Participant: 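Would you mind keeping the following structure in view while I ask a few things?
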Amino acid sequence: MNFDLTDEQRMICDTADRVGADFGPDYWLQKDRAKSFPQELWQAICDAGLCGVALPEEHGGSGLGMQEMALIVEHLAATGGGATLGQLFMINPIFGGVSLSRFGSERQKAAMLPALVAGRMNFCMALTEPDAGSNTLELRSFARADGDGWRLSGQKIWITGVKEGHKMLVVARTKKIEEVSRRTEGLTMFMIDIDRPGLTYAPIEKLGTNTLSSCSVFFDDVRIEPHELVGTLHGGWFELLEVLNTERIVTTAALIGAGNLAIRQAVEYANVRKVFRGTPIGAYQGVQFPLAQAHAELETARLMNLKAAWLCDQGRPYGSEANTAKLIAAQAAMYAIEHAMQTLGGMGYARESHLERLWRDARLFKFAPVAEEMVLNFIATHDLGLPRGY
């Protein structure tokens with residue numbers, strides 16, 4: 001196996017570093033306090049060609065793959081954005097880009113992918129429901145046939161980026177669960193306008209990731225047109241999994257970047273902070289070892305994530321690798337950030353150190369977009385061959 005980056009990949013990483021350097025931790029602190037979408041950063045990402053790195057060239061992308069996207073997210077997150085930087089790529093190149101480029105019609109691709117790549121159109125995905133969180137197959141939002149289209153009714157919760165979005169990838173049942181022989185049947189994806197009669201939403205106050213809204217979404221007999229179907233009618237479950245597995249890759253990359261950003265701040269502080277007899281606190285093993293442990297765990301998650309991305313680009317199964325990488329990255333990022341805060345002592349608790357924001361944002365990803373426990377369930381049943389308990 002060759003672990004060297006290509007010249008093109010190194011150039012992409014350098015570009016991400018340059019773009020991110022113009023929007024460092026102070027920029028993110030301001031956006032976090034204002035609970036404001038980082039539009040200036042996102043436009044700069046799009047202008048640099050980083051948003052469409054894995055999207056088709058004929059629609060404005062670069063035609064590369066998930067490896068390159070993972071590297072971009074990791075580097076951008078490490079410059080200041082932290083874990084929430086990955087959400088920008090989730091809502092747009094993943095929820096919008098992957099779903100449309102792999103399962104959309106030619107009409108949909110031509111209408112939306114160039115706008116996505118240029119930063120003119122933002123996306124979100126409406127999947128999770130109040131009574132169907134980790135168990136997607138139990139979702140109840142229903143799109144009933146209505147002439148040549150559908151009428152959608154139901155509720156979603158914890159939907160990211162609704163306020164900032166233009167298009168929503170909706171996952172709904174087109175056959176009720178009581179009508180199918182297998183629960184994987186009867187699920188369908190649609191790409192609809194957020195600004196539409198019958199679609200309303202309400203923001204949810206939360207601990208972190210304040211630069212992107214999280215909302216409850218309500219569908220009251222919302223009309224869906226025939227051309228808004230994405231993929232296979234009644235057969236969207238396995239297409240949805242492809243979207244969700246790529247989501248894992250960008251989540252992991254952002255967590256790795258967040259952890260490395262925290263470690264870098266801790267190392268810089270520990271090299272100059274002197275408390276006893278002029279010796280920098282970085283010389284003490286009590287400070288060194290936790291940071292070294294965090295670095296080792298983040299590097300492990302990084303290699304597994306790049307393997308998952310490579311397998312994805314080769315068209316091979318990568319679910320186990322993507323889930324394993326996400327599990328370790330979420331744990332390692334939190335460990336790194338907490339020990340960075342410990343290294344800075346009281347200053348690690350101050351907003352100006354930026355670590356408290358990194359902590360608030362990264363904490364979400366121990367249970368989202370998939371909880372640690374569900375990842376362990378996946379590993380136990382799929383990789384170890386243990387029986388299902390649910």
Side-chain angles (χ1 to χ4, degrees), residues 35 37 87 90-92 94-96 99-100 103-105 107-108 111-112 115-116 120-180 183-206 209-210 212-237 239-240 243-244 247 368-369:
K35 298 184 179 180
F37 182 75
Q87 292 184 298
M90 287 181 212
I91 61 174
N92 288 324
I94 299 299
F95 296 161
S99 63
L100 292 173
F103 307 113
S105 67
R107 172 181 175 178
Q108 290 170 331
M112 288 180 271
L116 186 162
R120 299 192 306 269
M121 184 178 289
N122 287 338
F123 294 76
C124 64
M125 179 168 70
L127 175 62
T128 306
E129 297 185 1
D131 296 319
S134 297
N135 191 359
T136 301
L137 294 175
E138 289 295 324
L139 64 83
R140 299 287 174 159
S141 292
F142 185 66
R144 60 178 175 83
D146 178 53
D148 58 353
W150 299 267
R151 289 281 178 176
L152 172 64
S153 296
Q155 180 181 350
K156 303 288 184 177
I157 195 169
W158 289 112
I159 308 307
T160 300
V162 179
K163 287 176 61 179
E164 301 81 12
H166 304 93
K167 295 285 185 176
M168 177 182 290
L169 180 66
V170 179
V171 184
R173 282 209 164 272
T174 44
K175 287 185 178 179
K176 293 184 177 180
I177 198 166
E178 298 84 3
E179 301 172 346
V180 297
R183 292 188 304 156
T184 54
E185 298 172 4
L187 291 171
T188 304
M189 296 191 295
F190 302 98
M191 188 68 77
I192 69 173
D193 298 318
I194 293 174
D195 184 8
R196 176 159 295 187
L199 193 164
T200 57
Y201 56 87
I204 300 170
E205 287 293 322
K206 53 186 178 172
T209 64
N210 290 320
L212 276 166
S213 63
S214 295
C215 293
S216 294
V217 180
F218 308 91
F219 305 104
D220 183 10
D221 206 33
V222 174
R223 170 69 182 179
I224 299 177
E225 301 298 336
H227 66 268
E228 294 176 318
L229 170 68
V230 176
T232 309
L233 181 64
H234 309 315
W237 169 246
E239 296 163 347
L240 172 64
V243 177
L244 295 179
E247 178 192 33

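Just so it is clear, the model here is predicted, and its values are computed rather than measured.
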Participant: How far apart are the closest heavy atoms of C215 and S213, and which atoms are they?
Facilitator: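 Where C215 meets S213 most closely, the heavy atoms are SG-OG, 4.1 Å.
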Participant: Nearest 0.5 Å, what's the CG-OG distance between L169 and S99?
Facilitator: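 Rounded to the nearest 0.5 Å, the CG-OG separation comes out at 4.5 Å.
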Participant: Considering all heavy atoms of both residues, which atom of G133 and which atom of T128 are nearest to each other, and what is their separation?
Facilitator: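 Closest heavy-atom pair between G133 and T128: CA-CG2, 3.8 Å.
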Participant: Hey, what do you get for CD1 (I91) to CD (E247), rounding to the nearest 0.5 Å?
Facilitator: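 It comes to 11.5 Å.
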Participant: Any non-hydrogen side-chain atom of K175 less than 4.5 Å from a side-chain atom of L187?
Facilitator: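 When only atoms from C-beta onward are counted, L187 and K175 do not touch, as no gap falls below 4.5 Å.
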Participant: Ignoring hydrogens and angles, write down the donor-acceptor pairs under 3.5 Å from the side chains of residues 197-205, residues two or more places apart or on other chains.
Facilitator:
| unit_1 | atom_1 | unit_2 | atom_2 | d |
| --- | --- | --- | --- | --- |
| E205 | OE1 | K35 | NZ | 2.8 |

Participant: So Q87 and T209, do their side chains get closer than 4.5 Å, heavy atoms only?
Facilitator: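 Yes, their side chains come closer than 4.5 Å.
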Participant: Where do N135 and R183 land on the side-chain contact (heavy atoms from CB on, under 4.5 Å) test, with the steps shown first?
Facilitator: CA-CA 11 Å; N135 191 359; R183 292 188 304 156; 3.6 Å; yes
Participant: Can you give me the closest heavy-atom contact between L212 and G161, atom names plus distance?
Facilitator: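 That closest heavy-atom pairing would be CD2-CA, 4.2 Å.
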Participant: Can you check whether L137 reaches W237 side chain to side chain, under 4.5 Å on heavy atoms?
Facilitator: yes
Participant: Are D221 and R144 close enough for a salt bridge, meaning some N to O gap below 4.0 Å?
Facilitator: yes
Participant: Set out, in order, the CA-CA distance, both residues' side-chain angles and the distance that settles side-chain contact (heavy atoms from CB on, under 4.5 Å) for M168 and V162, then state yes or no.
Facilitator: CA-CA 8 Å; M168 177 182 290; V162 179; 4.2 Å; yes
Participant: Calculate, to the nearest 0.5 Å, the distance between atoms CZ and CG belonging to R173 and L152 respectively.
Facilitator: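 Here the rounded value is 13.5 Å.
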Participant: In the structure I gave you, are the side-chain heavy atoms of M121 and M112 within less than 4.5 Å of one another anywhere?
Facilitator: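 Yes - at least one pair of side-chain heavy atoms lies under 4.5 Å apart.
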Participant: Does one side chain, of Q155 or S141, offer a donor that lies under 3.5 Å from an acceptor on the other?
Facilitator: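 No.
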Participant: For E185 and H234, indicate whether the former's side chain and the latter's backbone hold a donor-acceptor pair under 3.5 Å.
Facilitator: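 Not at all, since once roles are kept as given, no pair shorter than 3.5 Å links the two residues.
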Participant: Taking the side chain as everything from C-beta on, heavy atoms only, tell me whether C124 gets closer than 4.5 Å to I194.
Facilitator: yes
Participant: For K176, does the NZ atom have more than 12 heavy-atom neighbours from other residues, nucleotides or ligands under 6.0 Å away?
Facilitator: no
Participant: Is any side-chain heavy atom of L240 closer than 4.5 Å to a side-chain heavy atom of L127?
Facilitator: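 L240 vs L127: side chains touch.
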Participant: I want to check something: taking the side chain as every heavy atom from C-beta on, are L100 and K167 in contact at a cut-off of under 4.5 Å?
Facilitator: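 Sidechains of K167 and L100: no contact.
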Participant: Atom NE2 of H227 and atom CG of D148: how far apart are they, to the nearest 0.5 Å?
Facilitator: 10.5 Å
Participant: Ignoring hydrogens and angles, tell me if any N or O in the side chain of Q108 forms a donor-acceptor pair with the backbone of L229 under 3.5 Å.
Facilitator: yes
Participant: Assess the residue pair F190 and T174 against the criterion (side-chain contact (heavy atoms from CB on, under 4.5 Å)); give the C-alpha distance rounded to whole Å, side-chain angles, the decisive distance to 0.1 Å, and a yes or no.
Facilitator: CA-CA 11 Å; F190 302 98; T174 44; 3.8 Å; yes
Participant: Quick test of your reading of the model: are E225 and R223 salt-bridged, counting only N-O distances below 4.0 Å?
Facilitator: yes
Participant: Working to the nearest 0.5 Å, report the span between CD of E164 and CZ of F37.
Facilitator: 6.0 Å
Participant: Please tell me if the side chains of M125 and M189 come closer than 4.5 Å, counting only heavy atoms from C-beta onward.
Facilitator: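 Side-chain contact under 4.5 Å: no.
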Participant: Counting distance only, does the side-chain N/O of N92 pair as donor-acceptor with the main-chain N or O of F123 below 3.5 Å?
Facilitator: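 Yes: the side chain of N92 pairs with the backbone of F123.
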Participant: Calculate, to the nearest 0.5 Å, the distance between atoms CG and CD1 belonging to D131 and I157 respectively.
Facilitator: 9.5 Å
Participant: Indicate yes or no: does E228 engage R196 in a salt bridge with an N to O separation below 4.0 Å.
Facilitator: yes
Participant: For residues 149-160, which residue pairs qualify under salt bridge (Lys or Arg N to Asp or Glu O under 4.0 Å), counting only residues two or more places apart or in two chains?
Facilitator: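 Matches after skipping sequence neighbours: E129-K156, D146-R151.
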Participant: For the residue pair W150 and P226, what are the closest heavy atoms and their distance?
Facilitator: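 Closest pair (atom of W150, atom of P226, distance): CZ3-CA, 3.7 Å.
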